[in-house]
S.K.: 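Input: one structure, supplied below.
Excluded from the calculations below are hydrogen atoms, water molecules and symmetry mates; all remaining heavy atoms, backbone and side chain alike, are included.
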Amino acid sequence: MPHLFTFTISPVQSFIEQSRKVKDLLSASRILTRLIEAGMKEFLSKTKDASECRIIYPAYEERFSNTDKSYPNIFKAILSGKVWSNEQLIDIGRAVEATVRESLRQIAINLLEEHTREGSAILEKQYDLIMSQSNPVEGSNATAQFFQQLKNFPECYWVFESYTDQEGYADADIKLNRSLAAIKNLKTFDQLHEEPGRKCSLTGTANALFFKKEGKLPSYAINEPIRLYSSQVEAGEGLSALGFLKRFYSSIPPTASTAEVALWDDICSISNEKFQDLLTDERFDHQMLYEENRNQIPDKLRPTFKKLLEESKTGFNTKYYAVIHFDGDQMGKWMSGEYLQDGADLSNFQNELSKHIAKMANDVRSMLNIETGFNRSEKFGGYTVYAGGDDFLGLVNLQSLFGFLEKIRISFHTLNTEIEHSPYIQLKEPKKITFSAGIVVAHYKTPLSEVLKQVRAAEKYSKINGRDAFTFKILKHSGEVHQSTFKWGVDDVNLKALKNITDALKQEKLTNTFIQQLTKDLQYLSGYSFKSIDDQQMEASINEIVHVEIPRLIKRSNPSKENNIANLIKHIQQLWETGEEETHKEKQVTNFIHALHTTDFLSRKL
């Protein structure tokens, strides 16, 4: 009898987003990828004698290097080709879980050995001792507390579900997902008992065990913490076990930062070779390039900085960057086969769809290139945090923002074309996969955890407002916020409208006076009480006024007196007309105003 198997690890969102630095963020994603990949490898190893056992989701590829891939925190597989006893199934599940935990153990011990004076044999003995005890040892040292904090990470959940034939596969798939959800809701765990003390600067929950060697130890630190000789730990900063792993894992350079992403285009104007000495120096921080921070430059690096400033064509002025998060719409329905023809092979459909999604994710992930050097190639400036399937999180330089978004949309259109022509994907009727996105533009000094919170909220807002949409959110350093939401539209017409208006303002084909005046007009008109007058009449009046005012104001704010402004008028009216789908006119007005102010802000920062 064949079986379905699913395995997942958690937490994911909090583990990734509880980050202070870009390196924390990237390392967290790569740690999770390494753990789930270890689980998939172990599953295939335990079932290699059965030729029909395979992983359905995600599309598993061994050929990519660690930095070139990311997987979701879950995989689903089929066990077939032989008779499986309950004991064999349990053995497989336990082996996969044990392998995942062993992978984390290796990461932890290797990093501890590298950054402390203890040898691997002693560390392994301590690890085994802690894992074998049900209760923590009072008065244990920092290393023992380190392993104690890792005892419940990650949470592992796995389920098997049997089925008889292909028709029973769909029912088994539903039961599998329900059982997994039920088990996760139980959340069985061991209580972590810790003495009161200073908490981790990243997680804010577990005790901080690691502090910088230089300087005074912060108040309320544990007795005899581990002191680190590293510029990657700031003065006064404390790291728990998970914080330590995220800060020191992977080959990501310690110089990775939001300032680096913001300044990518400025840096590209300088020879990459002349930047190498700085990029390999742990004392270097890209925010030192900003004039207000140059007093932080170490004396040894000042001559190099002086040469860079002399060679820089643009200076180092860009202080904003973008974070993009997108997620496929209703992917649960897609993977469940809801849109599939009756009688079609659901398992083959799931596997084929996973392959197409993985291909698209690989394409999107490879578009960002900061890790490969500073150059204006066909790629864009930024970091991919994860692109494990139908979801993506990345940090992008503002100069690359619109181009990158357009490339993402092209990849999704290609995905839908491939699905349409795939012989293994037989849908009841033509249907396209859509995705919703959140795009947040923030100052490099805005706490990274807050930016990640805002971009996730923006993506969620896009889904609440009908899906197949995007939400732009500008977080100004002053505290002012502009947020606007639009459907992508046919041929991504609304994204193109925002880009073209931004370009026109940047190229000074327009001045922003039309935005200021239109804002005043609309705020005045929308201030009327909709209850005291006829709603339809008022809405019609606003629409008529806007369609008259837009061309008039555009012509007045056209300093070059160009005749070819018809397209600009069309783009601006497009944004207004798209908003007419809103159920409340005041919401349409607010959305439109914020969209125009978004283009004005971006034009001044690009």
Side-chain angles (χ1 to χ4, degrees), residues 6-10 12-13 16-17 29 32-33 36-37 40 55-61 64 68-77 173 177 180-181 323-340 346-368 384-394 396 404-420 422 424-425 427 431-439 452 455-456 458-471 487-488 492:
T6 188
F7 180 91
T8 185
I9 57 176
S10 66
V12 174
Q13 183 175 328
I16 292 177
E17 294 186 1
S29 176
L32 292 176
T33 287
I36 203 70
E37 182 184 27
M40 288 191 288
I55 294 174
I56 300 173
Y57 174 84
Y60 177 60
E61 295 282 355
F64 297 122
D68 289 334
K69 61 187 172 185
S70 58
Y71 291 116
N73 66 314
I74 186 172
F75 73 88
K76 185 181 293 186
D173 190 51
N177 294 331
L180 181 63
V323 180
I324 300 173
H325 177 230
F326 71 72
D327 186 51
D329 296 323
Q330 299 182 311
M331 292 308 299
K333 292 184 177 181
W334 275 93
M335 295 303 293
S336 69
E338 183 170 325
Y339 308 122
L340 201 59
L346 179 57
S347 63
N348 284 340
F349 165 75
Q350 291 175 332
N351 191 235
E352 186 71 12
L353 184 60
S354 296
K355 290 178 180 178
H356 286 295
I357 291 174
K359 181 177 179 296
M360 183 275 299
N362 289 335
D363 291 342
V364 173
R365 181 171 53 249
S366 65
M367 293 177 190
L368 299 178
T384 296
V385 178
Y386 59 77
D390 60 291
D391 60 344
F392 169 89
L393 178 66
V396 185
F404 180 61
L405 287 171
E406 289 175 341
K407 285 287 189 178
I408 290 176
R409 294 299 296 171
I410 291 172
S411 293
F412 252 85
H413 296 322
T414 302
L415 169 67
N416 279 306
T417 300
E418 291 174 349
I419 289 174
E420 182 182 354
S422 172
Y424 300 101
I425 300 179
L427 304 179
K431 188 173 182 63
K432 296 183 182 297
I433 290 179
T434 62
F435 76 86
S436 298
I439 305 148
L452 296 172
V455 77
R456 193 168 291 277
E459 182 269 334
K460 185 176 181 180
Y461 191 82
S462 298
K463 287 187 179 292
I464 292 173
N465 283 268
R467 302 187 182 92
D468 192 23
F470 63 96
T471 295
K487 293 283 190 179
W488 294 103
D492 305 318

S.K.: T434: what forms a side chain to side chain donor-acceptor pair (under 3.5 Å) with it, not counting sequence neighbours?
M.R.: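 Partners of T434 by the side chain to side chain donor-acceptor pair (under 3.5 Å) criterion, ordered by chain and then number, come out as D329.
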S.K.: Please lay out, stage by stage, how F392 and F404 fare under the test ring pair (Phe, Tyr, Trp, His ring centres under 6.0 Å).
M.R.: CA-CA 13 Å; F392 169 89; F404 180 61; 5.7 Å; yes
S.K.: If we count only N and O atoms by modelled type, under 3.5 Å, do the side chains of S70 and S29 hold a donor and an acceptor together?
M.R.: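 Note: S70 and S29 side chains miss the donor-acceptor criterion.
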S.K.: Does the pair L393 and I324 meet the rule for a side-chain contact (heavy atoms from CB on, under 4.5 Å), with working shown?
M.R.: CA-CA 6 Å; L393 178 66; I324 300 173; over 6 Å; no
S.K.: Nearest 0.5 Å, what's the CZ-CG distance between R409 and L415?
M.R.: 11.0 Å
S.K.: I'd like to know if the side chain of S462 and the backbone of S436 have a donor-acceptor N/O pair within less than 3.5 Å.
M.R.: no
S.K.: Go through the steps to decide whether W334 and I433 satisfy the test side-chain contact (heavy atoms from CB on, under 4.5 Å), and finish with yes or no.
M.R.: CA-CA 8 Å; W334 275 93; I433 290 179; 3.5 Å; yes
S.K.: So do the side chains of L353 and I419 get within less than 4.5 Å of each other, counting heavy atoms only?
M.R.: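 Side chain of L353 against side chain of I419, heavy atoms only: contact under 4.5 Å found.
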S.K.: Show your reasoning for whether ring pair (Phe, Tyr, Trp, His ring centres under 6.0 Å) applies to F326 and F412.
M.R.: CA-CA 11 Å; F326 71 72; F412 252 85; 5.8 Å; yes
S.K.: Near K463 NZ, under 6.0 Å, is it more than 12 heavy atoms from other residues, nucleotides or ligands?
M.R.: yes
S.K.: Would you say the side chains of D391 and H325 form a donor-acceptor pair under 3.5 Å?
M.R.: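 The criterion, which ignores hydrogens and geometry beyond distance, is not satisfied for H325 and D391.
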S.K.: If you draw a 6.0 Å radius around OH in Y424, do more than 12 non-hydrogen atoms from other residues or ligands fall strictly inside?
M.R.: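 No, OH of Y424 has 12 or fewer neighbouring heavy atoms, counting only those of other groups under 6.0 Å.
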S.K.: Take D363 and S411, measure what side-chain hydrogen bond (donor to acceptor under 3.5 Å, both in side chains) needs, and give me the verdict at the end.
M.R.: CA-CA 7 Å; D363 291 342; S411 293; 4.9 Å; no
S.K.: Report the residues that fulfil ring pair (Phe, Tyr, Trp, His ring centres under 6.0 Å) with W488, sequence neighbours left out, ordered by chain and then residue number.
M.R.: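 Once residues adjacent in sequence are excluded, the partners of W488 under the ring pair (Phe, Tyr, Trp, His ring centres under 6.0 Å) criterion are F435, F470.
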